Amino acid sequence: LGIADSYFSRKEYPDAQTAYRDFTTFYPTNENVPYALYQLGMCHFLMFSTIDRDPEETRLAMQVFQQLVRSYPQSEYAKLGKKQLFECEKRIVAHQFYVGKFYYRREKFASAKDRLDKITQQYPAAVKELGHEEEAAKMLVECNKHIGEGEQKPSVWTRLGF
């Protein structure tokens, strides 16, 4: 655990992840397992870079925090884990909203709708917290309208460059 903390303090998160994971594997009944799980989740959380990149680290952090809350609900780290779960949800929403808006601007309405539907249904509190409710609703109305009309494909002559 000390080695993991040392890696963590030096911001060497991949090595810290390995050490925290090893600790929880080799000492599953140790009283410090909730702390190790929290720190493991934080390693993933802190490795996330920007909303335009793959949010896989955020998803992994969510899984660890969910495991922590489920396995050790009375722990002080479970309370911290719940707060971090909401921060993870906000990151996922920010990413999905960014990608949905990208598709919307390029008139890929079905793809935009999928992203926007997902965040508004799965993470409504995070959408509200980030202030995306109104804009997402407007984009969804437009997406539904255009999807109902059917996709407009360019003519064969346009596609051939004439």
Side-chain angles (χ1 to χ4, degrees), residues 4 7-18 20-21 24 34-155 158-159:
Y7 284 132
F8 187 86
S9 68
R10 292 192 314 245
K11 299 181 181 179
E12 296 175 13
Y13 300 124
D15 292 330
Q17 285 176 13
T18 302
Y20 286 124
R21 195 172 298 109
T24 60
Y35 167 76
L37 285 173
Y38 178 77
Q39 288 296 98
L40 176 59
M42 287 304 297
C43 287
H44 287 295
F45 184 80
L46 294 170
M47 287 178 61
F48 179 79
S49 57
T50 60
I51 63 169
D52 62 337
R53 301 287 178 211
D54 181 20
E56 183 60 22
E57 289 296 332
T58 302
R59 285 190 196 99
L60 293 171
M62 285 180 79
Q63 289 174 356
V64 173
F65 291 133
Q66 288 167 345
Q67 178 187 357
L68 169 62
V69 170
R70 195 173 43 251
S71 300
Y72 303 95
Q74 303 305 319
S75 165
E76 65 182 276
Y77 293 103
K79 294 173 189 167
L80 295 171
K82 285 179 186 177
K83 290 179 184 176
Q84 285 305 122
L85 267 171
F86 188 64
E87 292 302 315
C88 290
E89 288 178 6
K90 289 189 331 190
R91 282 186 176 179
I92 295 290
V93 166
H95 172 75
Q96 295 291 346
F97 185 79
Y98 175 83
V99 174
K101 198 170 185 177
F102 172 84
Y103 284 132
Y104 179 80
R105 281 191 235 130
R106 277 147 187 81
E107 298 181 0
K108 303 293 184 196
F109 298 111
S111 297
K113 181 183 180 331
D114 289 344
R115 303 285 178 146
L116 297 170
D117 275 342
K118 181 178 180 178
I119 62 172
T120 56
Q121 291 170 6
Q122 287 184 350
Y123 310 112
V127 171
K128 184 176 183 176
E129 176 80 16
L130 293 173
H132 294 318
E133 274 182 317
E134 192 174 309
E135 190 174 1
K138 286 179 184 176
M139 286 192 293
L140 278 168
V141 167
E142 283 296 310
C143 288
N144 288 329
K145 179 180 142 189
H146 288 289
I147 290 171
E149 294 171 356
E151 283 192 37
Q152 300 289 331
K153 291 187 179 179
S155 71
T158 304
R159 285 183 275 155

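Just so you know, these numbers come straight off a predicted model, no measurement behind them.
At a threshold of 4.5 Å between non-hydrogen side-chain atoms, the residues Gln17 and Met47 count as touching. At least one side-chain heavy atom of Tyr13 sits less than 4.5 Å from a side-chain heavy atom of Phe8.
Pairs passing the side chain to side chain donor-acceptor pair (under 3.5 Å) check and including a residue from residues 120-138, sequence neighbours excluded, read Lys101-Glu135, Glu134-Lys138. Pairs engaging residues 78-98 under the side chain to side chain donor-acceptor pair (under 3.5 Å) rule: Glu87-Lys90, Gln96-Arg115 [sequence neighbours left out].
Pairing each heavy atom of Val69 with each of Gly81, the nearest pair is CG2-C, 4.3 Å. Nearest heavy atoms, Val64 versus Leu37: CG1-O, 3.1 Å. Closest of all the heavy-atom pairs between Ala36 and Thr24 is CB-CG2, 3.7 Å. Closest approach of Phe86 to Ala126, counting heavy atoms only: CE1-N, 3.8 Å. For the residue pair Cys88 and Ala61, the shortest heavy atom distance occurs at SG-CB, 3.9 Å. Minimum heavy-atom separation, Gly100 to Ala112: O-CB, 3.4 Å.
Between Lys108 and Asp114 there is no salt bridge, since none of the side-chain N atoms of the basic residue sits less than 4.0 Å from a carboxylate O of the acidic one.
Atom OH of Tyr38 is separated from atom OG of Ser75 by 11.0 Å, given to the nearest 0.5 angstrom. In this structure, the separation between CG on Leu140 and CD1 on Ile119 is 8.0 Å, given to the nearest 0.5 Å. Atoms CG and CD, on Leu60 and Glu56 in that order, are 4.5 Å from each other to the nearest 0.5 Å. Separating the CZ atom in Phe45 from the CD atom in Gln39 is a distance of 13.0 Å, to the nearest 0.5 Å. Atom CG of Leu85 and atom CD of Gln63 lie 11.0 Å apart (nearest 0.5 Å). For the atom pair CG of Leu40 and OH of Tyr35, the computed distance is 11.5 Å after rounding to the nearest 0.5 Å.
Counting heavy-atom neighbours within 6.0 Å of Arg59 CZ, excluding the residue itself, gives a total above 12.
Not counting sequence neighbours, the partners of Asp117 by the side chain to side chain donor-acceptor pair (under 3.5 Å) test are Lys113.
Only one option out of Phe109, Tyr103, Phe97 pairs with Met139 in a side chain to side chain contact (heavy atoms under 4.5 Å, CB included); it is Phe97.
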